[in-house]
There are 2 protein chains.
Amino acid sequence: MQTQLSCIIFVCMRNTVAKQAILEILYKSETALSQTEVQQILPQGFCNRVTIYRVLDRLVKENLIHEITNIDGVVKYANCKKCNKNHSHQHLHFSCENCNTVTCIKSVEPQFDLPKEYEIKKINFMVSGICPSCSR
Amino acid sequence: MQTQLSCIIFVCMRNTVAKQAILEILYKSETALSQTEVQQILPQGFCNRVTIYRVLDRLVKENLIHEITNIDGVVKYANCKKCNKNHSHQHLHFSCENCNTVTCIKSVEPQFDLPKEYEIKKINFMVSGICPSCSR
DNA sequence: TTATTTTTGCAACAAAGTTGCATTAATATT
DNA sequence: AATATTAATGCAACTTTGTTGCAAAAATAA
Ligand SMILES: [Mn+2]
Ligand SMILES: [Mn+2]
Ligand SMILES: [Zn+2]
Ligand SMILES: [Zn+2]
């Protein structure tokens, strides 16, 4: 199977059991998950932990998921359900200090004017605090 | 010496050689620095690497420096020269993929409207790409 | 069915950060 | 200035997280 990536690169990635299982976990999850969290959700011994790292990398390359770096430095992954085609993730992410979840706030895209001498490639907007369900 | 922090906590932190040296490095630096980078700037064997971690933590608590989590997950530290009193760092940070520097863009504060059910405690706005000096 | 190429498991490694504890250094007290 | 108090440091050991090389296994192409 060939998947077209950002109108430039063609990759040929295989549809493996591990890939399907990990992608399903991310699509069912309301929140973004780290490698560790994916591992904890998968059945014990389902696959090697290295495989999870590699599958997540592949899914990002295939534009099926996107990467979010949390304020604590941990990388989390979220599905790309309603992402625009150019895969730019300008939307805000909220990290709850209480329940430790990271959520895509797709409705909020911060506005900013960076001098055009800066060439923007990636955006990572994180806000942490207490989420609605933890604060009530 | 007692320093008042965010109008609430009083701490008693000592003015040590390591603290002075590390703070001076951060105040002289145009860019934010990681623990590793601070270590590389300090003279060989100046102090233990654990001490650098602990001094950086202390300087953050004293509101003398602020923490920035880079897109690659590495935590960088920058001085607080022109920071407002409540120590909120709404300004943008730019990470150059080429020269690997992280710079505070204090003039740019992204605007966003997060529903008030979210209680905001920390903000970490990162944009990565190519910085002006690398692109010319 | 066979050939080709990607993916996986495993072990070993590396980097980054943390912890406990004895020693040292800074500051407060006398 | 001497002493007492407590914070800071060095060191070693440990943990956590992520990476790499390579042989075996699995997926896809032929
Ligand atoms: Mn997102
Ligand atoms: Mn800054
Ligand atoms: Zn929460
Ligand atoms: Zn640069």
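First the proteins, then the strands, lettered A, B, ... as listed; each starts at 1. From a predicted model like this one, the values you see are computed outputs, not experimental measurements.
When all heavy atoms are compared, the tightest approach of B/A32 to B/A78 is CB-CB, 4.0 Å.
Between the side chains of A/E24 and A/Q20, no donor N or O sits under 3.5 Å from an acceptor N or O. No hydrogens or angles considered: a donor-acceptor pair under 3.5 Å links the side chains of B/S34 and B/E37.
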(message) Across nucleotides 9-14 of chain C, 5' to 3', mark each nucleotide with B, S or - according to how protein heavy atoms within less than 4.0 Å reach it.
(response) BBBB--
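One can place CG of B/L59 at 17 Å from P of D/dA7, the figure rounded to the nearest angstrom. Taking atom CD of B/E37 as the reference point, atom P of C/dG17 lies 11 Å away to the nearest angstrom. The distance between atom NZ of B/K19 and atom P of D/dA8, rounded to the nearest whole Å, is 8 Å. In this structure, A/M13 places its CE atom 11 Å from P of C/dT8, rounding to the nearest Å. With rounding to whole Å, A/R58 atom CZ is found 17 Å from C/dT5 atom P. The distance from atom CG of A/L56 to atom P of C/dT8 is 11 Å, rounded to the nearest whole Å. Rounded to whole Å, atom C1' of D/dT28 lies 14 Å from atom CD of A/Q20.
When the nucleotides D/dT9, C/dT8, D/dT17 are ranked by their closest atom to the side chain of A/Y53, D/dT17 comes out on top.
A salt bridge does not link A/K122 with B/E97: every distance from a Lys NZ or Arg NE/NH1/NH2 to an Asp or Glu carboxylate oxygen is 4.0 Å or more.
Classified by interplanar angle (parallel below 30°, tilted 30° to 60°, perpendicular above 60°), the ring pair A/F125/B/F125 is tilted. Note on ring orientation: taking the six-membered ring where Trp is involved, the planes of A/H66 and A/H93 are tilted (angle from 30° to 60°).
No donor-acceptor pair under 3.5 Å is formed between the side chain of B/E109 and the backbone N or O of B/S107. Looking at A/T69, its side chain does come within 3.5 Å of a backbone N or O of B/I71 through a donor-acceptor pair. Side-chain N or O atoms of A/N98 include none that pairs as donor or acceptor with a backbone N or O of A/I130 at under 3.5 Å.
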Distances under 3.5 Å only, N/O to N/O: pair up the protein atoms with those of nucleotides 24-27 of chain D.
{"residue": "D/dA27", "atom": "N3", "partner": "A/R14", "partner atom": "NH1", "Å": "2.8"}

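Residues B/C99 and B/C131 form a side-chain contact, since some pair of their non-hydrogen atoms from C-beta on lies under 4.5 Å apart.
Using a 4.0 Å heavy-atom distance criterion, B/V74 is classed as making no nucleic acid contact.
The terminal axes of the helix from C/dT1-D/dA30 to C/dT30-D/dA1, fitted over 5 pairs per end, subtend an angle of 40° to the nearest 10°.
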(message) If you apply the rule side-chain contact (heavy atoms from CB on, under 4.5 Å), what do you find for A/F94 with A/V108, and how did you get there?
(response) CA-CA 11 Å; A/F94 190 88; A/V108 179; over 6 Å; no
